[in-house]
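Notes follow the structure.
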Amino acid sequence: MGLLVRGLLLAPAWRTLRAAAALCQGVRFASVQAYDIPAEDPPGDHEPILQIGDPQGLYPHHIPTNTLQKLLLSAGSAFMSLYDPYRHDMIAVLGETTGALALQKLREKMSKDLEGVQILQERPRIRMSNLDIERFREFPEGTFGREYVRFLDVNHVTPDTRMPVKFVDDEELAYVAQRYREVHDLLHTLLGMPTNMLGEVVVKWFEAVQTGLPMCMLGAVFGPLRLSARRRKMKLMELVPWAVQSGRNARCVLNFYYEKRWEQTVESLREEIGILPPPTIKV
């Protein structure tokens, strides 16, 4: 009887989550039609992602939402992210709808750092149109640019797959969110982590400590459930403590103008940021 009552109580919550997930799916497609989002943004070396006065919102791609809509989007995107950790679109929505306070703290950290202030003013973008990939390939082994290209090649990824920010209701905070999103692959390079589930979980632990974003915390806590017993044990015993300690020890990772550091060695950049040397574990 107890199980039956519990099931009846949980049923409305389950239906609510499914409805919220459906709303997330609807927003994913409806936003393209309603806001006429272009397939590709025009190139530019320091093209700002956001422009005040856009008639469709606070900035290009912005979708205004009220508190109730944000709650539904948060619930739906959280459900879909746990169901399928590879739904990067849902992870992006979750980060935007739950990260307001964390983004404000990150902006404050950037506004108190000389390099961070420069980034906020110039708003650089990490995109293929702004990167001289072939030049990076000619850099010496161990340089940041060379290792970043190696990461892209080995993992078959590109910075252009990062979704534009849509649900952050502040023009400057939206850039901070976009900057974090585009720096993510650079952190993979600096931490020496691949894009498999174990590597993503380790990076999420580092990011959770660094940023305080609820989305990162969710991925750090629930991500291990997708790992095998052997990998879970290895992560918990060695990689996670290192990632957490590095996150605490490091300066704010958004305060580094990475576009000016491609020729710097990864080792020296790690030391400058405060990232501890990665454990010698095959991930």
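Connection of F167 to L101 is not established within any shared hydrophobic cluster, with ILVMFWY side chains joined at heavy-atom distances below 4.5 Å, either directly or through further cluster members. In the hydrophobic clustering of ILVMFWY residues, with side-chain heavy atoms under 4.5 Å counting as a link, M217 and L198 come out apart. Taking hydrophobic clusters as Ile, Leu, Val, Met, Phe, Trp and Tyr residues chained together by side-chain heavy-atom distances below 4.5 Å, I273 does not share a cluster with V117. The hydrophobic clustering, which links ILVMFWY residues whose side-chain heavy atoms are closer than 4.5 Å, places Y83 and L218 apart.
Proximity of a side-chain donor or acceptor of S246 to a complementary backbone N or O of A243 within less than 3.5 Å is not detected. A donor-acceptor contact shorter than 3.5 Å links the side chain of T189 to the backbone of D185. A side-chain donor-acceptor contact under 3.5 Å links W242 to the backbone of P277.
The two residues E259 and I126 come nearest to each other via the heavy atoms OE2-CG1, 3.3 Å. Across every non-hydrogen atom of M163 and A92, the tightest pair is SD-CB, 4.3 Å. The minimum heavy-atom distance between M193 and L239, with the atom names listed, is CE-CD2, 4.2 Å. Minimum heavy-atom separation, P85 to M197: CB-CE, 3.6 Å. For the residue pair D160 and M128, the shortest heavy atom distance occurs at OD1-N, 3.0 Å. The shortest heavy-atom contact between A220 and V201 is O-CG1, 4.1 Å.
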Discussion item. Between E263 and R146, is the salt bridge (charged side-chain N to carboxylate O under 4.0 Å, His left out) condition met? List the steps.
Written reply: CA-CA 8 Å; E263 297 184 59; R146 182 68 185 88; over 6 Å; no

Item to complete: Check the pair M110, V176 against side-chain contact (heavy atoms from CB on, under 4.5 Å), reporting the backbone distance first and the verdict last.
Response: CA-CA 9 Å; M110 295 179 73; V176 174; 4.2 Å; yes

Item to complete: Go through the steps for Y59 and V165 under the test side-chain contact (heavy atoms from CB on, under 4.5 Å), then give the verdict.
Response: CA-CA 9 Å; Y59 51 85; V165 175; 3.6 Å; yes

Practice prompt. May I have the step-by-step check of side-chain contact (heavy atoms from CB on, under 4.5 Å) for C252 and L106, ending in yes or no?
Written response: CA-CA 8 Å; C252 177; L106 287 172; 4.2 Å; yes

Discussion item. If you apply the rule side-chain contact (heavy atoms from CB on, under 4.5 Å), what do you find for E200 with H184, and how did you get there?
Written reply: CA-CA 10 Å; E200 289 291 352; H184 177 76; 3.2 Å; yes

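In this structure, the side chains of L191 and P278 stay at 4.5 Å or more apart for every pair of heavy atoms. With contacts defined as side-chain heavy-atom distances shorter than 4.5 Å, the pair L114/N255 does not qualify. Using a 4.5 Å heavy-atom threshold, the side chains of D113 and Q118 count as separate. Here the side chains of K204 and E207 are in contact, with some heavy-atom distance below 4.5 Å. Looking only at side-chain heavy atoms (C-beta outward), Q264 and T143 stay at 4.5 Å or farther from each other. With contacts defined as side-chain heavy-atom distances shorter than 4.5 Å, the pair R107/D170 qualifies. For the pair V157/F151, a side-chain contact is recorded, criterion being any heavy-atom separation below 4.5 Å from C-beta on. Between N249 and L276 there is a side-chain heavy-atom pair separated by less than 4.5 Å.
Inspection of the T161 and T158 side chains reveals no N or O donor paired with an N or O acceptor under 3.5 Å. Side-chain contact of Q178 with H61: a donor-acceptor pair under 3.5 Å is absent, judged by distance alone. Between the side chains of H188 and N155, no donor-acceptor pair is found at a separation under 3.5 Å.
The pair E147-R150 counts as a salt bridge, with a side-chain nitrogen and a carboxylate oxygen less than 4.0 angstrom apart. The pair E115-R261 meets the salt-bridge criterion, since a charged nitrogen lies less than 4.0 angstrom from a carboxylate oxygen. Classification of R125 and E182 as a salt-bridged pair holds, one side-chain N sitting under 4.0 Å from a carboxylate O. For R137 and E134, the salt-bridge test passes: some basic side-chain N is under 4.0 Å from an acidic carboxylate O.
The CD1 atom of I63 sits 12.0 Å away from atom CG of L58, with the distance rounded to the nearest 0.5 Å. A distance of 14.5 Å separates CZ in F144 from CD in E267, rounded to the nearest 0.5 Å. Between the NZ atom of K260 and the CD1 atom of I119 there is a distance of 9.0 Å, given to the nearest 0.5 Å. Atom OH of Y175 sits about 7.5 Å away from atom CZ of R123, to the nearest 0.5 Å. Note that the SG atom of C216 and the CH2 atom of W205 stand 11.5 Å from one another [nearest 0.5 Å]. We find the CG-CE distance between L73 and M90 to be 8.5 Å, quoted to the nearest 0.5 Å.
The 12-atom threshold is exceeded at NZ of K70, counting heavy atoms of other residues, nucleotides or ligands nearer than 6.0 Å. The environment of Q104 atom CD is dense: over 12 non-hydrogen atoms of other residues, nucleotides or ligands sit within 6.0 angstrom.
Note: F139 and F136 have tilted aromatic rings, judged against thresholds of 30 and 60 degrees for the angle between ring planes.
Partners of Y148 under the ring-ring contact (aromatic ring centres under 6.0 Å, His included) rule, at least two apart in sequence or in another chain, are W262.
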